[in-house]
Amino acid sequence: MSPRIAAALGLALACFAGIVWVVARGQLPPAEFTFNNDTEIKSLDPAIVTGQPEGRIIEALFEGLVRLGPEKREPRPGIAESWTLSDDGLTYTFKLRKNAVWSNGEPITSQDFVYSMRRFLDPLTLAEYAYQAWYLKNGERYSRAARSLAVGDPVEVELHERTPGAREYARGVVLRGELIEIETDADASQADLADPAKYVELRTFVVESEGRSRRFRVGEPGAARAGADSCRQLLLDFSEVGFRAVDPYTIEMVLESPTPYWLQLVGFYPLWPVNQACVETHGPLDWTEPDKIVTNGPFTLEFRRIRDRMRLRKFADYWDADDVRVETIDALAVESLTTQFNLYETGKCDYITKVSPITARELVKADPPRKDFFPAPQFGTYFYSMNVTRPPLNDARVRRALLLSIDRTEIIATAGSIETPAFSFTPPGIPGYDPPRCDDTNLAEARRLLAEAGYPGGEGFPKIEILYNFEEQHQTIAELVRKQWRRGLGIDVSTRNEEWQTFLSSTRQLQFDLSRRAWIGDYLDPNTFLDMFVTGGENNQTGWGNEEYDRIIDAAKYEGDPAQRLAMLARAEEILMTEGPLIPIFFYATRYLVKPYVKGFFYNVQDTHPLRYIRIDRGGVSR
Amino acid sequence: MTTPPLNAKRAGVSLTQDAIRRLSKNLTAMISFAVLVVVVGLAVLTPLLPLQPPDRDLTAQMFAEPTAERLFEKTFNFDPQVNAVARERLPAALEKRGVRQAELKSLLADAKRTPEAESQSRRNLRQAEAAIVALEQRAYASVGYPHLGPLSRWMVRTRHALFGEWQLASVCGRDKLGRDLLSRIFWGARVSLIVGVVATLVSLAIGVTWGSVAGYVGGSVDNLMMRIVDVLYSVPFVFLVIFLISILSEDRVKDALAGYGIDRITIFYFVVGAIYWLTMARVVRGQVVSLRNEPFIEAARSIGVSQTAIIFRHIVPNLLSIVVVYLTLTIPRVILFEAFLSFLGLGVEPPDVSWGLLANEGIQVITPIKIYWWLILFPSLAIGVTLFALNFLGDAIRDAFDPRLKGR
Amino acid sequence: MIGFIARRLVWMLITLWVVFTLSFFLMRAVPGGPYASDRQLEPEIEANIRREFNLDKPLYEQYWLKLKQVASGDLGSSTKIRTPVNRIVSEGLPVSGALGLLALAIAFAIGLPAGIISAVARGTFADVALMSIATIGIALPNFVVAGFAIILFVFVLEWLPAAGWGSLEQLVLPAFCLGAPYAAYVARIARTGMLDVLSQDHIRTARAKGLGPLSVVLRHALPTAMLPVVSFLGPAVAGIMTGSPVVEQIFAIPGLGWHFVQSAINRDYPMAMGLVLLYTGLLYTMNLLVDLSYGLLDPRVEWD
């Protein structure tokens with residue numbers, strides 16, 4: 001009897017001790033500035049991530065040649081202290097500062113940038129944002145590897161084996177030479193030869209290197225055919241790419257065509273450098289671990305607790321450390337909007353990136369007015385895209401009828417709060433660009449068009465479906481749009497929600513009728529919105545295409561006169577809006593909350609607030 | 001937790017009669033029972049009641065507070081005339097479907113068909129079928145009803161005949177789209193209760209069969225069957241359900257399943273039913289093992305009654321009490337599970353509505369700065385009262401059937 | 001007893017293998033790969049990702065490779081957050097464990113007294129009242145309970161923090177919301193067990209000997225009445241572990257539960273597979289431990 005009770009008590013005590021121990025391990029002194037970073041980040045590798053939460057942390061840990069200002073997003077000197085642009089607008093020359101160091105103490109030189117750019121463009125790096133560097137001369141060809149090569153091109157062949165003594169994750173041995181022949185397999189069918197996915201499988205590449213010619217197959221070591229060596233990959237020689245180190249502190253970039261927003265892209269984290277020794281020693285997955293990562297930005301990574309927080313600490317040797325005023329920053333990974341708001345309201349968090357639409361509506365109405373809530377337009381559009389490969393949406397009249405029977409005011413009043421109705425795809429706010437407007441709600445015209453297309457009063461209109469990814473707001477909007485079309489046009493619409501990953505694959509494979517989408521501009525130029533709708537564009541995802549549109553978008557790239565260029569883009573957008581596959585609904589508005597004592601925090605249309613400029617000023621008490 | 005052997009067969013009063021007698025003296029149980037009868041009755045008759053259609057939105061009145069100013073309003077604008085028009089067009093639509101069916105059939109007979117042509121033909125057929133449904137539903141959908149079956153449609157027509165344009169005002173307030181909360185709770189009851197009952201019945205069917213076979217056959221078969229149950233106990237089914245439901249909601253899979261009339265809720269019945277049978281199987285087996293050795297079974301066997309007859313005439317009736325107890329305790333769990341899935345966005349899809357969905361919508365609009373209390377209070381009350389009643393009734397039934405508590 | 005444990009461990013391995021095989025093929029059968037992302041990928045990049053995750057190999061080879069990897073204790077790397085699953089587990093499991101234990105403790109602390117008192121005072125107002133309180137936990141979805149609790153304890157009374165991880169204070173609300181449904185079950189089982197025992201002969205004897213009612217209940221009835229409660233521990237632990245996602249999400253607790261749900265929804269194959277296997281192993285071990293402890297508590301039970 002009593003030993004049993006003793007055992008039970010002992011067990012209970014042990015459990016309690018365990019709980020206390022686990023909890024104690026989690027205890028931390030609070031950071032000087034705590035904000036919520038929305039979710040657990042995918043990675044800290046600047047080259048491979050694409051999301052905003054990742055961007056916030058990476059922009060604090062790393063630094064590129066230039067970085068963008070907190071308010072106007074203008075390029076400011078980063079690792080480069082100055083730069084010049086040639087008169088033809090094609091060649092940039094960056095001068096690097098000599099006092100910039102990595103967090104392991106080594107100086108940052110132009111070699112670091114060359115290494116990082118090559119790695120970024122290398123298809124094996126799996127950089128989703130690689131196309132942001134395709135403005136560099138031959139950048140795209142380098143990324144497209146063997147498929148972009150023609151006989152006579154200078155090439156680099158990466159072999160499977162590494163130089164003896166090389167770091168574990170270094171590249172294989174690289175042979176440089178000239179591509180002298182591409183042999184196609186005799187037994188391959190014409191259809192297979194034309195298939196881009198099978199391009200390298202069916203070809204042998206003959207390369208002349210160091211005076212002798214060798215035959216290569218791209219692929220696994222075992223897969224080589226007789227008479228040919230196997231190599232990991234075959235690329236255009238990187239020296240052909242418009243990115244080179246002139247000397248240890250000078251970098252020269254040559255562009256394909258004058259690109260007015262190029263400096264914005266250079267200030268965008270995917271093009272920022274990583275530390276070669278660190279990456280090659282620990283490999284693509286492990287190098288971002290807190291105890292291994294080497295960074296060069298204003299902060300260093302102290303630790304990372306999955307789904308809890310990341311702690312950043314000021315980097316004492318940062319070249320501009322005097323200008324960094326916060327010692328420690330905590331980035332929480334709280335997903336639920338309600339929970340983040342609760343944390344903010346109870347003072348556990350100084351900045352949250354967004355509140356739910358319903359909360360936003362209440363905050364706007366708050367009396368006395370909130371001193372920490374500043375709704376303002378943002379550089380992003382919420383829209384519905386239509387799959388024009390499916391009837392009845394292949395009929396431009398039907399698409400227009402749907403567009404004309406949307407009541408944006410009702411949608412915003414119900415599902416939104418402070419957003420502005422969108423009548424164009426490109427949001428306002430780009431200097432010198434006035435986006436062409438589409439028509440507002442016009443039910444009479446919509447019904448006329450629908451009747452003209454063969455569905456008077458919605459009679460006989462096939463049932464179409466709205467696809468959205470599961471989130472409260474998207475669901476409400478889909479429901480409203482469904483009801484508006486039923487009321488206005490008498491047609492039957494259903495809704496379907498999918499989880500994010502499924503949703504992405506459905507939209508990509510055009511497995512939908514209508515789908516909810518959003519686009520946030522990467523840089524302040526209409527091009528970031530408009531070039532996605534060129535025929536077959538990777539993010540087009542509607543099946544829509546228009547030759548005139550494609551021609552204008554392409555011509556605008558080579559247009560030297562900025563005003564003329566914007567006028568051309570406006571013409572393209574007009575085409576998109578009159579017959580296009582999309583219904584703009586609203587422009588996003590910022591919905592962040594930030595405590596009044598957080599300074600150095602500015603509004604901008606991209607809703608980006610670099611951590612580097614943040615200061616805490618609680619008035620009187622200096623911290 | 002195992003129920004002891006039911007050997008208290010006395011002359012005159014059977015165990016069941018005795019249990020019912022004791023149950024009827026238990027006040028809590030009787031109140032619970034009455035509540036359940038009312039809830040189920042109202043849920044069944046919902047389309048007949050003068051409630052606002054559950055999906056009728058009035059965005060101008062979104063988040064309107066509960067009001068008791070006036071109870072009824074004359075706003076139900078159902079138009080039976082639409083049905084008459086639809087009836088005229090129905091033959092044409094049916095004919096079109098016939099044509100599409102024939103097309104698909106002849107295509108399927110063609111060995112050289114391309115997959116694209118086949119999927120196009122299937123799409124055409126589905127469109128033709130959707131057109132028929134749209135005609136049938138038009139009058140109801142346009143005033144804000146979700147998809148209705150024939151019986152519900154009849155009830156709505158009857159209701160219109162009885163009450164005309166009168167309907168209850170929004171005494172429980174309105175939600176974010178200005179829909180009437182009271183009617184959504186009523187319509188949600190239908191879905192939630194059906195989900196709870198059907199899924200439980202599925203698990204019951206599997207569990208009772210499995211458990212009684214294992215218990216009755218005994219030996220190594222029993223051993224193996226129960227070991228399988230043990231093993232399945234260790235599988236994290238919550239995960240499996242989420243995974244399956246998210247796969248099966250995918251466009252192509254869903255299209256294929258819709259061809260067989262299977263939607264997300266049907267999948268839910270089966271998957272959930274397939275989880276909850278484990279406990280049932282264990283309990284039933286225990287019961288059967290102890291019954292098998294009872295003298296009256298021995299007797300039946302010795303006079304040559306067939307195996308099947310023994311199982312169905314003697315064993316199954318004696319399982320009734322635990323089955324009823326189990327029913328009342330599992331239905332609440334399934335209803336809560338559906339709520340959990342709604343929280344994850346995998347529950348029923350609009351315009352259908354369930355209590356779980358309502359609870360989730362309610363909790364979304366609870367923030368420290370503004371509480372739309374009615375949106376969480378009323379759905380919680382509905383769920384709470386029903387589940388309370390089910391739990392209390394289950395407890396009382398168990399007590400009533402427990403022979404050792406006899407006379408206490 | 002050693003034989004019993006050994007046999008059960010063999011069954012556990014079989015279970016794990018079956019679960020592995022099933023989840024492997026299930027996950028390969030679904031649309032939407034692990035590399036799906038916001039932007040469309042170039043064919044080369046997509047091919048490289050497929051190679052990185054071995055998706056370009058024939059299915060049987062993938063199966064074999066994965067089985068070898070998992071058998072060696074390496075659960076692979078999450079595709080959603082590029083981190084080894086082993087590391088995610090080692091960080092999240094103690095957190096989930098602490099939360100679960102506390103929830104269990106709360107469930108028993110509320111459920112046991114409620115059950116015992118309502119059995120002893122059966123049919124009285126106290127019985128109905130206590131059982132009603134205990135039933136709240138199974139009468140409402142736990143996200144609703146959590147929502148009410150946050151408004152009440154965080155914003156109205158200002159007693160507890162809203163969310164987060166790092167102090168015992170922050171754990172109280174989530175553990176309560178997680179444990180509440182189980183308090184109800186415990187109360188019920190304890191009540192039934194107690195009623196059972198109270199009608200047995202040795203209790204009557206004890207009463208007849210003139211022992212006080214308190215002593216009868218605590219010394220003589222309670223130990224036996226505890227048996228069914230202990231046997232409920234297995235399912236309770238299982239339920240608490242798989243039930244924690246909602247609570248973890250609402251209270252921002254970095255445990256495994258939400259990973260578990262997210263990996264299923266996001267088709268994060270390696271993570272989903274790793275977590276399914278982990279949970280299966282854990283649940284199996286729990287059930288085994290409960291069976292063993294049952295034997296320790298009740299001399300009549302023999303392991304076969």
Side-chain angles (χ1 to χ4, degrees), chain B residues 1-2 4 26-28 227 230-244 246-247 250-253 279 329 332-333 335-336 339-340 342-346 355-356 359-360 362-363 366-368 371 376 379-380 383-388 390-392 395 398-399 402 404-405 408, chain C residues 11-12 14-15 18-19 23 26-27 29-32 122 128 131-132 135-136 138-144 146-148 150-151 154-155 181 184 188-189 191-193 195-196 199 228 231-232 234-235 238 241-243 245-246 260-261 264-265 267 272 275-276 279-284 286-287:
Chain B
M1 237 185 109
T2 50
N26 184 337
L27 185 65
T28 335
R227 191 58 68 207
D230 284 351
V231 164
L232 290 178
Y233 250 119
S234 330
V235 178
F237 275 105
V238 176
F239 179 88
L240 197 69
V241 174
I242 296 169
F243 194 61
L244 277 180
S246 84
I247 296 170
E250 209 262 350
D251 194 16
R252 277 159 292 173
V253 186
T279 317
L329 297 181
R333 293 173 66 193
I335 292 178
L336 289 186
F340 168 66
S342 288
F343 180 81
L344 297 179
L346 299 170
W355 282 347
N360 190 33
I363 213 73
I366 296 269
T367 60
I371 298 178
I376 187 63
S380 301
I383 302 176
V385 166
T386 310
L387 299 201
F388 248 100
L390 273 165
N391 277 303
F392 270 117
D395 275 355
R398 187 163 54 196
D399 282 2
D402 192 338
R404 283 162 317 184
L405 295 175
R408 278 182 59 117
Chain C
W11 271 102
M12 174 158 132
I14 296 176
T15 312
V18 170
V19 168
S23 45
L26 248 177
M27 286 169 197
V30 299
R122 182 169 176 268
V128 177
M131 288 314 286
S132 304
T135 307
I136 292 177
I138 31 177
L140 285 177
N142 56 0
F143 57 86
V144 174
F148 283 134
I150 288 177
I151 292 294
V154 179
F155 289 101
R188 296 241 177 109
I189 295 165
R191 180 172 174 272
T192 316
L195 285 173
D196 253 9
S199 65
S231 75
F232 176 68
M241 280 196 319
T242 49
V246 172
F260 189 58
V261 166
I265 292 177
R267 317 276 162 84
L275 291 181
V276 167
Y279 272 78
T280 307
L282 274 177
L283 296 188
Y284 200 95
M286 280 304 152
N287 286 331

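Proteins get letters first, then strands, A, B, ... in listed order; numbering begins at 1 in each. Heavy atoms only: backbone and side chains are in, while hydrogens, waters and symmetry mates are out.
Looking at C:Ser132, both its backbone and its side chain come within 4.5 Å of chain B, counting heavy atoms on both sides. When heavy atoms are compared at a cutoff of 4.5 Å, C:Ile138 approaches chain B by way of both its backbone and its side chain. The contact between C:Phe155 and chain B is made entirely by side chain atoms (from C-beta outward), counting heavy-atom distances below 4.5 Å. Interface remark: C:Met131 contributes backbone and side-chain atoms alike to the contact with chain B (heavy atom separation under 4.5 Å). Using a 4.5 Å cut-off between heavy atoms, C:Val19 touches chain B through its side chain atoms alone. For a residue to count as touching a neighbouring chain, one of its non-hydrogen atoms must lie under 4.5 Å from one of that chain's; by this rule B:Asn391 touches chain C with backbone and side chain alike. Looking at C:Ala272, both its backbone and its side chain come within 4.5 Å of chain B, counting heavy atoms on both sides. If you measure heavy-atom distances from B:Ser380 to chain C, the contacts under 4.5 Å come from both the backbone and the side chain.
Of the listed residues B:Asp230, B:Ile383, B:Leu27, B:Asn26, the one with more heavy-atom pairs under 4.5 angstrom with chain C than any other is B:Ile383. Contact count versus chain C (heavy atoms, under 4.5 Å) is highest, among B:Val385, B:Ile371, B:Ile242, for B:Ile242. Ranking B:Leu387, B:Thr367, B:Leu390 against chain C, the residue ahead of the rest is B:Leu387, based on heavy-atom pairs under 4.5 Å. Contact count versus chain B (heavy atoms, under 4.5 Å) is highest, among C:Tyr279, C:Tyr284, C:Phe143, for C:Phe143. The residue among C:Ala146, C:Pro181, C:Pro141 with the most heavy atom pairs within less than 4.5 Å of chain B is C:Pro141. No other option in C:Val128, C:Val154, C:Val261, C:Ile150 has as many heavy-atom pairs under 4.5 Å with chain B as C:Val261.
Of all heavy-atom pairs between B:Pro236 and C:Thr280, the closest is CD-OG1, 3.2 Å. Of all heavy-atom pairs between C:Gly147 and B:Ile363, the closest is CA-CD1, 3.8 Å.
The distance from the CG atom of B:Asp395 to the CG atom of B:Leu329 is 6.5 Å, given to the nearest 0.5 Å. C:Leu140 contributes atom CG, which lies 8.0 Å from atom CZ of B:Phe388 (distance to the nearest 0.5 angstrom).
Side-chain contact between B:Ser342 and B:Trp355: absent, with no pair of heavy atoms (C-beta onward) separated by less than 4.5 Å.
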